[in-house]
Amino acid sequence: MVSAQLRLKGHTSRTGLRKGYCMGGEASVVTRFAPSPTGFLHIGGARTALFNWLHARHHGGRFLLRIEDTDRARSTPEATQAILDGLRWLGLDWDGEAVSQFSRAERHAEAAKMMLEAGAAYRCYATQEEIEAFRAEAKAAGRPPLFVSPWRDADPATVRDAPFVVRLKAPRTGETVVEDLVQGRIAWANETLDDLVLLRSDGTPTYMLAVVVDDHDMGITHVIRGDDHLTNAARQTLIYRALGWEVPQFAHIPLIHGPDGAKLSKRHGALGLEAYAAMGFVPEAMRNYLARLGWSHGDAEFFTTEQAIEWFSIDKVGKAPARFDLKRLENLSGQHIRAMADPDLLRELEAFAAREHGRQFTDAEREALLKAMPGMKERSKTLVELLEMGRFILGKRPFEPDGKAAKVLDEGAVAMLAKLTEHLQDASWTAPELEAEVRRFAEAEGLSLGKVAQPVRVALCGRTVSPSVFEMMEVIGRDESLARLRDRIGAAA
RNA sequence: GGGCCCUUCGUCUAUCGGUUAGGACGCCAGAUUUUCAAUCUGGAAAGACGGGUUCGAUUCCCGUAGGGCCUGCCA
């Protein structure tokens, strides 16, 4: 994959970031994709990114990227790289530079301080042991294990010379409501929400705080993410309120499950995007497939990215988790390959060959591939298959038949090829005329066309599957075709 | 344990209370055919369950079952 720039920008000034609003009075849309760099970009993350991207592009808004690298132990530059590469491969361009969440720690701490000063947060000196003991006791007594800090109502002036975390002073009564674009109106009784930690005892921000501050500072208008964050939306709403900030629109999309309905695991679909690239899927097909998973536009199944942008509507995303279906992806991939313009497809194939096999094409090969492309692409569902179709151009003599192909070349077939080769010596070398010639030959010999064409195919490319034998002959030319036929005749002799 | 969410053919989905419940992938049969693929025709295939509300529920409400998410000084 293409190498990405790893420089992540940390924004420190709030004002410089709040460009999400345009003059017209109506707030323009700003979305973001905010992965944590602890692994590759899997299919679920890719779809979340796609939905954010589609939503922004549909509304003519902006799509931002933020790397949530506050977990220093698990975050790696390699993972960040893999995510950027994956997004680039999928064709999801983000606006501006990717923001490093870690680099904004000071700003997060500042927000915590604001809440502390406003009395919306408090210092909690409870130790891990005390908290664990509390939970164990609560559980034993059949009470909810939500930790209730004894420091919540302590005099804010009491400052101890001991480690502390900063906790949000969440409301104990009433309810917190999230108006979710996908899930609808969801309410939580506030007693079921605890005083979450904002700042750890080492002064670093937690995810819950960092997300809120960053989304606010980046001017995010729509938070579109996996529905595993649904409960977090309630907690974060509390933080927005404590800070006196406007709460963005939430849209929690269902997660993708494996073919067996269980959560996606490495066993089935949870491969990195690069794995699908290696399987030869074209990005256009991947976008189509992912967009259609959980979202629909009438009966439209096959569509371009431009159409997806035009049609996309976040509130038409379904609530139920969808299963990953490789067959369906393959089918869509085949349709997109067939629909692509030959030069575009050639470029895609060339990039694939270079990336996966380190294979560069020569000018002559490029020309031949382009000529053969119509016949090749209608037989391929993936770039892997397309490359295999092109082996009669990209391979070199002699074309040794593989197992299945060798069986086609029995004694009779070789004798037939010898005879046919003589016939073809002076034939006019275009696909239609070659076909007519071979048909005449087959008829004269009392053979079906298949009995003649199949051995020819094997001689030309060493396989039983390929584009039309006549097209292949035309593309590689008379001399090369006859030479390949003689290779097989000679090999048998 | 508590909170919250989900449930239409095997899979992805359509359905603004009234439809022979539609489409697509996959599958089966046939047509076409130089292989493969594509294409064409036809077919099997669904409202988790139980109650309500209603003249009428897949659609609205409640419950049950099953599945998922959260319940961390992870994100």
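Computed from a predicted model, the values in this text were never measured in an experiment.
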(message) Heavy atoms only, 4.0 Å cut-off, all strands: where does Leu196(A) land among base, sugar-phosphate and nothing?
(response) nothing

(request) Could you work out which one of rC6(B), rC70(B), rA75(B) sits closest to the side chain of Pro321(A)? (result) rC6(B)

(message) Looking only at the side chain of Ala453(A) (C-beta and beyond, no hydrogens), which of the listed nucleotides rU13(B), rC70(B), rU34(B) gets closest?
(response) rU34(B)

(request) Identify which nucleotide among rC73(B), rU71(B), rC69(B) has an atom closest to any side-chain atom of Asp228(A), counting heavy atoms from C-beta outward. (result) rC69(B)

(message) Tell me whether the side-chain N/O atoms of Lys319(A) come closer than 4.0 Å to OP1 or OP2 in rC5(B).
(response) no

(request) Could you list the residues that satisfy ring-ring contact (aromatic ring centres under 6.0 Å, His included) with Phe441(A), not counting sequence neighbours? (result) His423(A)

(request) With sequence neighbours excluded, tell me which residues meet side-chain contact (heavy atoms from CB on, under 4.5 Å) with Val465(A). (result) Met389(A)

(request) Would you tell me if any nitrogen or oxygen in the side chain of Arg439(A) comes within less than 4.0 Å of OP1 or OP2 on rU34(B)? (result) yes

Give me the distances for all protein-to-nucleotides 36-39 of chain B N/O pairs that come in under 3.5 Å?
| unit_1 | atom_1 | unit_2 | atom_2 | d |
| --- | --- | --- | --- | --- |
| rC36(B) | O2 | Arg379(A) | NE | 3.0 |
| rC36(B) | N3 | Arg379(A) | NE | 2.9 |
| rA37(B) | O2' | Glu378(A) | O | 2.9 |
| rA38(B) | O3' | Arg338(A) | NH1 | 3.2 |

(request) Write down the partner of rG42(B) under the Watson-Crick or G-U wobble criteria, each distance required to be under 3.5 Å. (result) rC28(B)

(message) Can you see whether Phe33(A) has Arg66(A) sitting over its ring - NZ or CZ less than 6.0 Å from the centre and within 45° of the normal?
(response) no

(message) Both Phe470(A) and Arg200(A) contact RNA chain B. Taking the nearest nucleotide for each, which residue is further toward the 5' end?
(response) Phe470(A)

(message) Under 3.5 Å, is there a donor on one side chain and an acceptor on the other for Arg457(A) and Gln454(A)?
(response) yes

(request) Taking salt bridge (charged side-chain N to carboxylate O under 4.0 Å, His left out) as the test, write out the residues that go with Asp228(A), two or more places apart. (result) none

(request) Kindly indicate whether the side chain of Ser201(A) and the base of rC73(B) share any N or O donor-acceptor pair separated by less than 3.5 Å? (result) yes

(message) Under 3.5 Å, is there any donor-acceptor pair linking the side chain of Thr231(A) to the base of rU71(B)?
(response) no

(request) Assign each of Leu199(A) and Lys451(A) to its nearest nucleotide of RNA chain B by heavy atoms, then name whichever residue's nucleotide is nearer the 5' end. (result) Lys451(A)

(request) Spell out yes or no: do the side chain of Arg328(A) and the base of rU11(B) have one donor N/O and one acceptor N/O closer than 3.5 Å? (result) no

(message) Run the ring-ring contact (aromatic ring centres under 6.0 Å, His included) test against Phe51(A) and tell me which residues pass, sequence neighbours left out.
(response) Phe312(A)

(request) Check every strand shown and say whether Thr70(A) touches a base, only sugar-phosphate, or nothing at a heavy-atom separation below 4.0 Å. (result) sugar-phosphate

(message) Going by side-chain contact (heavy atoms from CB on, under 4.5 Å), Arg104(A) matches just one of Gln101(A), His108(A), Glu106(A). Which one?
(response) His108(A)

(message) Can you tell me the base-pairing partner of rC16(B)? Count Watson-Crick or G-U wobble geometry only, both distances below 3.5 Å, and say none if there is no partner.
(response) none

(message) Is Arg323(A) close enough to rG10(B) that one of its side-chain N or O atoms is under 4.0 Å from OP1 or OP2 there?
(response) no

(message) Students often get this wrong, so: under 4.0 angstrom with heavy atoms, is Val197(A) touching a base, only sugar-phosphate, or nothing?
(response) sugar-phosphate

(message) Applying the Watson-Crick and G-U wobble criteria at under 3.5 Å, what pairs with rA21(B)? Answer none if nothing qualifies.
(response) none

(message) Side chain of Ser468(A), heavy atoms from C-beta onward: which of rA75(B), rU34(B), rU11(B) has the nearest atom to it?
(response) rU34(B)

(message) Can you list everything that forms a side-chain contact (heavy atoms from CB on, under 4.5 Å) with Glu301(A)? Sequence neighbours excluded, please.
(response) Arg292(A), Arg328(A)

(request) Among residues two or more places apart or on two chains, list those pairs meeting salt bridge (Lys or Arg N to Asp or Glu O under 4.0 Å) that have a residue in residues 434-444 of chain A. (result) Glu435(A)-Arg439(A), Glu437(A)-Arg440(A)

(message) Testing Arg152(A), Arg235(A), Arg167(A) one by one against Asp195(A) for a salt bridge (Lys or Arg N to Asp or Glu O under 4.0 Å), which residue passes?
(response) Arg152(A)

(message) Counting only Watson-Crick pairs (N1-N3 plus N6-O4 or O6-N4) and G-U wobbles (N1-O2, O6-N3), all under 3.5 Å, who is the partner of rG72(B)?
(response) none

(message) Below 4.0 angstrom, which residues in residues 177-189 of chain A have at least one non-hydrogen atom near RNA chain B?
(response) Gln183(A), Ile186(A), Ala187(A), Trp188(A)

(request) Would you mind pulling out the nucleotide paired to rU64(B), Watson-Crick or G-U wobble, both distances under 3.5 Å? (result) rA48(B)

(message) Give me the distance, rounded to whole Å, that separates rU58(B) from rC49(B) when you measure between the C1' atoms they each carry.
(response) 14 Å

(message) Counting the atoms with a prime plus P, OP1 and OP2 as sugar-phosphate, which does Pro145(A) contact under 4.0 Å by heavy atoms, base, sugar-phosphate, or nothing?
(response) base

(message) If the condition is salt bridge (charged side-chain N to carboxylate O under 4.0 Å, His left out), which residues does Lys377(A) pass it with, not counting sequence neighbours?
(response) Asp342(A)

(request) Quickly work out the Tyr122(A) OH to rC73(B) P distance and round it to whole Å. (result) 11 Å

(message) Going by ring-ring contact (aromatic ring centres under 6.0 Å, His included), name the residues that satisfy it together with Phe281(A), two or more places apart in sequence or in a different chain.
(response) none

(request) Applying salt bridge (charged side-chain N to carboxylate O under 4.0 Å, His left out), name anything that partners Arg74(A), two or more places apart in sequence or on another chain. (result) Asp71(A)

(message) Taking 4.0 Å as the cut-off, does a side-chain nitrogen or oxygen of Thr204(A) come that near to OP1 or OP2 on rC73(B)?
(response) no

(request) With heavy atoms under 4.0 Å as the rule, sort Ala431(A) into base, sugar-phosphate or nothing. (result) nothing

(message) Using 30° and 60° as the class boundaries, would you call the ring planes of Phe40(A) and His42(A) parallel, tilted or perpendicular?
(response) perpendicular

(message) Does anything in residues 290-299 of chain A come within less than 4.0 Å of RNA chain B? Heavy atoms only, and list the residues if so.
(response) Arg292(A), Leu293(A), Gly294(A), Ser296(A), Asp299(A)

(message) By the 4.0 Å heavy-atom rule, please label Asn232(A) as base, sugar-phosphate, or nothing.
(response) base

